[in-house]
Amino acid sequence: MTTSELALGAAIGRALGDALESDEKVVLMGEDIGRLGGVFRVTDGLQARFGKNRVIDSPLAESAIVGTAVGMAYRGYRPVVEIQFDGFVYPAFDQIVAQVARLHYRTQGRVRMPITVRVPYGGDIGSVEHHSESPESYFAHTPGLRVVTASSPQEAYSTMRAAIASDDPVMFFEPKSRYWAKGDVDTDLTRDLDTAAVLTTGRDVTVATYGPVVKTALEAAIAASDEGIELEVIDLRAISPLDVDTVAASVERTGRLVVAHEAPAEASVASELIASVVERSFPALRAAPERVTGYDTPYPPSALEGAYLPSLDRILDAVDRTLGRRSSRTGLEYAGGAR
Amino acid sequence: MTTSELALGAAIGRALGDALESDEKVVLMGEDIGRLGGVFRVTDGLQARFGKNRVIDSPLAESAIVGTAVGMAYRGYRPVVEIQFDGFVYPAFDQIVAQVARLHYRTQGRVRMPITVRVPYGGDIGSVEHHSESPESYFAHTPGLRVVTASSPQEAYSTMRAAIASDDPVMFFEPKSRYWAKGDVDTDLTRDLDTAAVLTTGRDVTVATYGPVVKTALEAAIAASDEGIELEVIDLRAISPLDVDTVAASVERTGRLVVAHEAPAEASVASELIASVVERSFPALRAAPERVTGYDTPYPPSALEGAYLPSLDRILDAVDRTLGRRSSRTGLEYAGGAR
Amino acid sequence: MSIAMPAPRAELVSGLDAPLTVLRADGSREASGLLDPHLADMDETALTDLFIDMSIVRRVDQEAFALTRQGKLALWPPLLGQEAAQVGSARALRDTDFVFGSYREHALAILRGTGFGGFLGVWEGHAFSGWDPHAHHVATPQIIIGAQTLHATGYAMATRMDGADDVAVAYFGDGATSEGDVNEAMVFASAFRVPVIFFCQNNHYAISEPVRVQSGTPLALRPTGFGIPALRVDGNDVLAVHAATRIAIERARSGGGPTFIEAVTYRMGPHTTTDDPTRYRRDDEVAAWREKDPIVRLERHLDRIGARTDRIREEAQVRCDATARELRDAVMTAEAPDPVTMFDHVYTEPTARLERQRAEHLAFAASIEGDA
Amino acid sequence: MSIAMPAPRAELVSGLDAPLTVLRADGSREASGLLDPHLADMDETALTDLFIDMSIVRRVDQEAFALTRQGKLALWPPLLGQEAAQVGSARALRDTDFVFGSYREHALAILRGTGFGGFLGVWEGHAFSGWDPHAHHVATPQIIIGAQTLHATGYAMATRMDGADDVAVAYFGDGATSEGDVNEAMVFASAFRVPVIFFCQNNHYAISEPVRVQSGTPLALRPTGFGIPALRVDGNDVLAVHAATRIAIERARSGGGPTFIEAVTYRMGPHTTTDDPTRYRRDDEVAAWREKDPIVRLERHLDRIGARTDRIREEAQVRCDATARELRDAVMTAEAPDPVTMFDHVYTEPTARLERQRAEHLAFAASIEGDA
Ligand SMILES: Cc1ncc(C[n+]2csc(CCOP(=O)(O)OP(=O)(O)O)c2C)c(N)n1
Ligand SMILES: Cc1ncc(C[n+]2csc(CCOP(=O)(O)OP(=O)(O)O)c2C)c(N)n1
Ligand SMILES: [Mg+2]
Ligand SMILES: [Mg+2]
């Protein structure tokens, strides 16, 4: 029996440890991941266990962290690098989008980039600027990258193992507000990097989301059921490429779609999912799909984050709109809504 | 009379010169923009005219080009910086999205960032890797930036003047395949950074696009009219924030929408426009909106770019789909199309 | 091998073998041919001012730390131990010199009178910025490590375009020296020979990482590779820091270009109030640095030169207490901003898109209130 | 001002005052205490090999240049003038040393036998990469300036993890030294003491910008700020380059860590075939460098040591002609790939999204063909 109860952060730590254990080509690198075990203690104990050559405290330079990982991948390693917080991934942007994402394409498949970039992401932790962002849409727009996240300890464990085992580069967005959420983890369960999971089946509205918002969506499903409304909650899991098939199949049944994430709306994963579902399942749609996302502002100071983030009530409000029920926007001049 | 015939690139050069002339706080900086006049000769002659302190050849470091512009803006300057090619904007990504885009927000409006970042972009010039990209969607996803482009010498001149005069930071994407296209330029004509322009009115299908693809869309409108189909071609001009009102108003009439750009489809400006129009005008839509974009691959080697780029035929094919006419996808298993 | 590793050279950088010092730990003065000429005017009054400044800065730090523990502030990055580095340098500038700090240079805000309301709002989670940068010539705090060094360099390029002799100062840490931006800033500063000072507080740690993770050689060697001269000073010696900054300022103002100062100091506290430094450093290391306390050192020196330290201490106490009251008042009366303000200032003029989102937010907030 | 600007120091870097040379322009030998010991085995045969290598490399460059003018290649960045820098260094490596170049190091591909088909495909617009990097230990060409220096550094970190003594070599230009990535590469290389060589070809220009735009001090000074020793060599002296690279290789292989080599040379041609260098540099500057031609110099030396240069020239000619034929055959028989291949290799396994797009593309292409 390989099941135990773990917090989501600890499940990722376990996955990293198990990967280091089972494949000597796996190495970890990042700022403060060694002796400190990372600012979230996700890598706690791994340097003591695997040594300084496999769990590497790096100088403070994100472009170099990713760029040297490319070199290691050239020599057959599978580097797992940590970007300490979402907001610090931008200095590494060039190495990620112009190198990591493209070397396999550039070399016509001759050079593989089995690199996992770990990015603790998302808000709701009361932190300072640059510590609560959701930059995943940038990477979803980047061909050549797989972008994934996880909503539970089990998903986190299994998806991290799959990410490290993948020969494609993977951006793994770790929902930091859920690091302390506990759940059972069976280390034998495997996951792919392609498919979404239908968490609750329901006939009325499809709610597609991922990462930290999955919990909120599930709560919304319970709240909605009190009013006799059934939500089909889909945990997308793969942010890019998206599993449009699963969402479209659901929308074919429900005719209604709400997409939720913390990232801003404009040119986002939510925009993409709506555009894709509209392309695929237009005749089935009974109402305009709705987005519940961060607003198109920078992530605000933490005292304001409650209003910025997709909340249970905002999701229910969007559900109401798709159902043509009274919502907060009733009275505003929107032409959308059910038909 | 201030009208003359200019190529699009020269019109931008004229706008830069006129801005330097009329506001001593305007400075230009970039790689090779001085003595050489830029690799596209857009800044030809400006260093000779305004001196090395106002037209600055910088060291080869994009993050520093943008980052030092931030410092100049702090002291009241209006820097216009050049990124030599689209594919070289990524090293400056952090300074653009975490500094330029946010300092006004961060300082509650106390510090303004009237910076214009010039980026020659787009493909179809038979060039090597990293020289043909369309990275505008990344910046469209970034709150705090204005993202604009131009489709004609007049638009290029007037929009560049507006960009430099704006107190907001502006990413100006210059359609490099159109640099040599000529047209009349009236230097007295002004433009804003917010509105799209309806170039042809038509009752059947709205075709929204921008930059280099505007020409293709106009050609498509002519070709379609031969078959009795009227396209309403909209030049978006502003890529972010988008002028959804103008597009939605058009779709309210036509019921059909095709969005075209060179950038990849996933989580793109096209995704956004479709999601926005669906939100706004769902009841008016008579068919699934269609995207004609670059595929979700890295920009391919130039020998293949013809097939990658949105072409006249691909636009017409998408128009046919929205009209429920026979198209290349007839027979493929798509559920979209007209209803 | 036939080529030698770089050897520290006095010609390239001053203080490489041992950081330049003028005040010993016991408060006695050490002669410095380089620094002393720049300290000639530092009489008892001037020293007293520095003592009081450092005391106030420390007190603010302690108060803020305590308020965090009480849950009034969300986070605080303490500067304990770095008072001399910050005060000594800040006091060498004139008001129109523009400083670009990171997140730990509270002394800059305190000494330039930005006021506690806004300043602490950043750490309450009420705002990202605490003051008007233009009013105080202090840039807003910068969390992206190293980014502000480019801003300072660009600002200094602009002062030259203006023909002004203002200087820009970039503050950053030892960890920051590894970032591309900091190195590119040196490229530009050197190439354009701009009046910028790179003030590196080497407090020995970047969160948990000791400075040797960043560099096997002294950080003051770095700028020399860019053609920028460096001064390596005892960062716990307020006079040494002061003199070094004056040297750099004079060079900059007179067209001499950039200077790099490495102030060798120590972060006595945790990285921030959420950090646990016992995981990565030993008590005896911390204890050894406690002996080098910058404020005690100046106090001993004042004692030695026969100043009335009891009176000075008293005055400092009065000033510190007043400051602490002011600070606590500011925090106690601070109110979280209305969430709708999150839509403000994204652009200089409202956009249709954000106006729509603001309306949605307000309608939603009203509907929730209606429900409740 | 009271602190001096950095003065070049022989201890930090060799060749700062004048680049290290062993072959004078007239072909005579100059003694070098540093380099000579590393050239002891360079007999007439070895010198002849270098001469032929450089001749072939130049010929390939000329042929490609001509093919561009004829419209057979879309673009070509010529290496004319940089043959000694590239050949001299490449020939000091062993096959398993991995080289990471930019876009101008054609000699690496030529000498390592990657074949012209793929190699020229990049410049025909058929592909982004011309060979299997693993087969030849040559990374794919890199256009993002400086990015490959981090790859080389990471590769070298990995050779250490393997316990192997392979060395990684990063080639880059003078302009590249300004990029953050190159500086971060030096941070990592120094911090981890990895077996990497930073081989900077200072060809005096980054497109139109003379090297003084990047730096007011010699580029070889830069690495010393990172604790990395540097050798500044005459880049048109194939023997000096060869010896310097051998020194760096020995250091790296034996655990001595990184070395920086600045090869002072000159880009005789335009930046690429679309560039017009007359806009930014004077003919007399170019003429002066023509006098320092690296191949002529070695030929004069061979003459001086009594080698049968007529025969050597003849052999070189034969080899060059054969190479040129091979090259032209490759270009003439090259076919543009099928557009549908643009969907290949985005991921290691096809994704549903791309399979759909590929199907769309094929259906569309078929429909167009149907119409025609
Ligand atoms: C670009 C970036 N990467 C990582 C971080 C996370 N981080 C915050 S402070 C810090 C250490 C900084 O060390 P140093 O420069 O020495 O300054 P100190 O905190 O010691 O004052 C790190 C890694 C960040 N803020 N920005
Ligand atoms: C990141 C990036 N910025 C700009 C460019 C455009 N560019 C191509 S080559 C070049 C000059 C490079 O000069 P140098 O490093 O000296 O190499 P050389 O061409 O002389 O071999 C520039 C600016 C680029 N390729 N990559
Ligand atoms: Mg530090
Ligand atoms: Mg060069």
Side-chain angles (χ1 to χ4, degrees), chain A residues 31-39 41 44 56-64 67 84-85 87-88 90-92 94 125-131 264-266 293-308 311 313-314 317-318 320 326-334, chain C residues 74-75 103 121-129 141 143-147 173-181 206-209 213-215 271-272 274-276 279-280 336-346 351 353-354 356-368 370-371:
Chain A
E31 298 156 9
D32 304 291
I33 68 162
R35 164 103 50 121
L36 185 65
V39 292
R41 309 292 183 266
D44 197 19
I56 306 167
D57 270 327
S58 78
L60 210 178
E62 287 77 12
S63 188
Q84 198 164 76
F85 279 89
F88 311 143
Y90 309 121
D94 180 61
I125 61 163
S127 195
V128 292
E129 202 185 358
H130 307 291
H131 288 71
E266 197 174 343
T293 66
Y295 295 105
D296 287 309
T297 73
Y299 194 91
S302 60
L304 288 62
E305 70 186 341
Y308 181 84
S311 60
D313 284 324
R314 279 179 66 201
D317 197 54
D320 284 346
R326 226 192 106 70
S327 83
S328 72
R329 283 190 211 160
T330 308
L332 289 183
E333 82 307 353
Y334 291 93
Chain C
L75 191 78
Y103 42 82
V122 174
W123 308 105
E124 286 166 305
H126 292 176
F128 289 144
S129 187
I143 288 176
I144 302 293
I145 301 293
D174 44 299
T177 59
S178 297
E179 288 280 8
D181 273 6
I207 309 187
S208 73
E209 298 187 347
V213 171
Q214 317 293 336
S215 179
H271 172 66
T272 67
T274 64
D275 179 38
D276 173 12
R279 290 181 72 100
Y280 54 80
D338 187 320
V340 76
T341 60
M342 74 181 153
F343 296 102
D344 297 343
H345 306 303
V346 181
T351 63
R353 187 176 181 97
L354 282 177
R356 176 176 280 264
Q357 293 189 359
R358 180 202 300 270
E360 285 173 15
H361 160 76
L362 289 173
F364 172 74
S367 79
I368 291 290
D371 288 358

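In what follows, chains are A, B, ... by sequence order, proteins preceding strands, each numbered from 1.
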Okay, C:Leu354 and chain A: the region with an atom under 4.5 Å from a heavy atom over there is side chain
| So do A:Glu62 and C:Glu179 actually touch side chain to side chain, heavy atoms under 4.5 Å? | yes
Scored by heavy-atom pairs under 4.5 Å with chain A, the best of C:Tyr280, C:Tyr103, C:Phe364 is C:Phe364
Chain C shares the most heavy-atom pairs under 4.5 Å, among A:Ala64, A:Ser58, A:Gly37, with A:Ser58
Worksheet item: Hey, does A:Pro91 have a side-chain heavy atom less than 4.5 Å from the side chain of C:Asp181?
Response: no
Distance col, row A:Gln84:CD vs C:Ile145:CD1, nearest 0.5 angstrom, shows 9.0 Å
Under 4.5 Å to a heavy atom of chain A? For C:Ala74 that would be side chain
All heavy atoms of A:Gly87 vs all of C:Ile144, minimum pair found to be O-CD1, 3.5 Å
So, the part of C:Ala365 with a heavy atom under 4.5 Å from chain A: the answer is neither
Okay, A:Asp296 and chain C: the region with an atom under 4.5 Å from a heavy atom over there is both
So, the part of A:Ser311 with a heavy atom under 4.5 Å from chain C: the answer is side chain
For A:Ala307 and C:Pro339 the tightest heavy-atom approach is CB-CB, 3.6 Å
Honestly, the part of A:Ala265 sitting under 4.5 Å from a heavy atom of chain C is both
Bottom line for A:Tyr299: the part with an atom under 4.5 Å from chain C's heavy atoms is backbone
- Should the heavy atoms of other residues, nucleotides or ligands under 6.0 Å from CZ of C:Arg358 be counted, would the total exceed 12? yes
For A:Pro59 and C:Ser178 the tightest heavy-atom approach is CB-OG, 3.6 Å
So, the part of A:Arg326 with a heavy atom under 4.5 Å from chain C: the answer is neither
Bottom line for A:Thr297: the part with an atom under 4.5 Å from chain C's heavy atoms is both
When rounded to the nearest 0.5 Å, the distance separating CD of C:Gln357 from OH of A:Tyr308 is 8.5 Å
Greatest number of non-hydrogen atom pairs under 4.5 angstrom with chain A, of C:Ala127, C:Gly146, C:Ala147, C:Ser215, falls to C:Ala127
So, the part of A:Glu31 with a heavy atom under 4.5 Å from chain C: the answer is both
Heavy-atom closest pair (A:Ala303 atom, C:His126 atom, distance to 0.1 Å) is CB-CD2, 3.8 Å
Bottom line for C:Val340: the part with an atom under 4.5 Å from chain A's heavy atoms is neither
Whatever's closer than 4.5 Å to a heavy atom in chain A on C:Asp338 counts as backbone
Chain A shares the most heavy-atom pairs under 4.5 Å, among C:Ile143, C:Thr177, C:Asp276, C:Val346, with C:Ile143
Taken in chain and number order and not counting sequence neighbours, the residues that satisfy salt bridge (charged side-chain N to carboxylate O under 4.0 Å, His left out) with A:Asp57 are none
List the steps and the verdict of side chain to side chain contact (heavy atoms under 4.5 Å, CB included) for A:Asp32 and C:His271.
-> CA-CA 12 Å; A:Asp32 304 291; C:His271 172 66; over 6 Å; no
Of the listed A:Leu60, A:Val39, A:Asp313, the one with the largest count of heavy-atom pairs under 4.5 Å with chain C is A:Leu60
Taken in chain and number order and not counting sequence neighbours, the residues that satisfy salt bridge (charged side-chain N to carboxylate O under 4.0 Å, His left out) with C:Arg279 are A:Asp44
Original post:
Are A:Val128 and C:Phe128 side-chain neighbours, meaning at least one heavy-atom pair lies under 4.5 Å?
Top reply: no
